Amino acid sequence: MAQKLAAGNWKMNGTEASLAEIDAMIAAFPAPGCKVLICPPATLLDRLSTRAEGSAIATGAQDCHMNASGAHTGDISAEMIKDAGGTYVILGHSERRTDHGETDEIVNAKTMAATGAGLIAVVCVGETLEQRDAGETLDLVGTQLAGSIPEAVTGQNLVVAYEPVWAIGTGRIPTIEQIAEVHDFMRARLVERFGAEIGNAVSLLYGGSVKPSNASEIFAVANVDGALVGGASLKAADFGAIIDALQ
Ligand code: G3P
């Protein structure tokens, strides 16, 4: 059985003042009935991890370099994320694929680096609106899964997030049937490639405009093991309501 996971991606948001949100979450969820993860910007990871130490809330980063160290100005490595207290890293988010030209091959190499360093990789896939309208969603998701995920993963160090690009930050979500179709497809592909033990243990998250008002119906979908939440993870009250819907 895959672990239930409520993950927050703060993206390029947050300063010292935002750390109060983590205090509120820790106080509200001393022992949540699901895994809770916050991925703040890299500048806050160390501080947020220190704040969350001893609590049920895990922390992670939003990207890492594929190399362990070296001349890569502006980048951080998987080892550095661990050093800052993180245990997860989001990889291949569509904003990085678009803003930084990340290909499936690059995401694959980063996933290798992350899992090799002992982090849990949250690999993101998802189609644009043009691709959905052209009926290419499953083909695209299948290609991204095959290309972005290396052979050497386990059910314990891989999470996959389905984030339709057109649903991110737009307030639009796919229909429940569309979410179910993609999640069933991803589960089948993972089981086919890695076997039932690993394939069924990978948590599959839905991401894109998840809010307290729609979380319950999304979490009721088979093979949805949680959510990767952007905007609604910035406030403890909203994210708390989403955790409540999952646990
Ligand atoms: O990674 C989370 C994400 O892209 C969804 O963002 O703001 O639509 O919840 P949002």
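A quick note: this is a predicted structure, and the numbers were derived from the prediction, not measured. All values below were derived from every heavy atom in this structure, side-chain atoms included, with hydrogens, water molecules and symmetry-related copies excluded. Ligands are counted one by one from 1 in listed order, and the atoms in each one are counted from 1 as well.
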Visitor: Evaluate G208 for polar contact with ligand 1, using N/O atom pairs at a separation under 3.5 Å.
Guide: no
Visitor: Would you say ligand 1 has an N or O under 3.5 Å from any N or O of T170?
Guide: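 Such a contact does not occur with ligand 1.
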Visitor: Evaluate side-chain contact (heavy atoms from CB on, under 4.5 Å) for L145 paired with R193, printing each intermediate quantity in order.
Guide: CA-CA 10 Å; L145 283 181; R193 180 169 168 202; 5.9 Å; no
Visitor: Heavy-atom contacts with G231 under 4.0 Å: which atoms of ligand 1 show up? List them by number with element.
Guide: 7 (O), 9 (O), 10 (P)
Visitor: Could an N or O of ligand 1 be found under 3.5 Å from any N or O of K11, whether backbone or side chain?
Guide: yes
Visitor: State, yes or no, whether a side-chain contact exists between R97 and D104 at a heavy-atom distance under 4.5 Å.
Guide: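 In contact.
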Visitor: State, yes or no, whether a side-chain contact exists between E21 and L234 at a heavy-atom distance under 4.5 Å.
Guide: no
Visitor: Among all protein heavy atoms in this structure, tell me which lies nearest to atom 1 (O) of ligand 1, with the distance rounded to 0.1 Å.
Guide: E163 OE2, 2.8 Å
Visitor: Measure the spacing between OG of S94 and CD1 of I168 and express it to the nearest 0.5 Å.
Guide: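 It is 3.5 Å, given to the nearest 0.5 Å.
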Visitor: If you count the non-hydrogen atoms of other residues, nucleotides and ligands that lie under 6.0 Å from NZ in K235, is the total more than 12?
Guide: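 Not more than 12 within 6.0 Å, no.
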Visitor: Record the part of N9 in heavy-atom contact with ligand 1 below 4.0 Å; permitted values are side chain, backbone, both and neither.
Guide: side chain
Visitor: Looking only at the side chains, is there a donor atom on one of H93 and Q62 sitting less than 3.5 Å from an acceptor on the other?
Guide: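 The answer is no; no qualifying pair exists.
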Visitor: Taking only heavy atoms of H93, which atoms of ligand 1 are found under 4.0 Å from at least one of them?
Guide: 1 (O), 2 (C), 3 (C), 4 (O)
Visitor: To which of C39, G169, G230 does the heavy atom nearest atom 8 (O) of ligand 1 belong?
Guide: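 When every heavy atom of C39, G169, G230 is considered, G169 comes closest to atom 8 (O) of ligand 1.
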Visitor: For L228, take its heavy atoms, then give the atoms of ligand 1 lying under 4.0 Å from any of them.
Guide: 1 (O), 2 (C)
Visitor: Mind telling me whether H183 and Y162 have parallel, tilted or perpendicular rings, with 30° and 60° as the class edges?
Guide: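 Because their plane-to-plane angle is over 60°, the rings of Y162 and H183 count as perpendicular.
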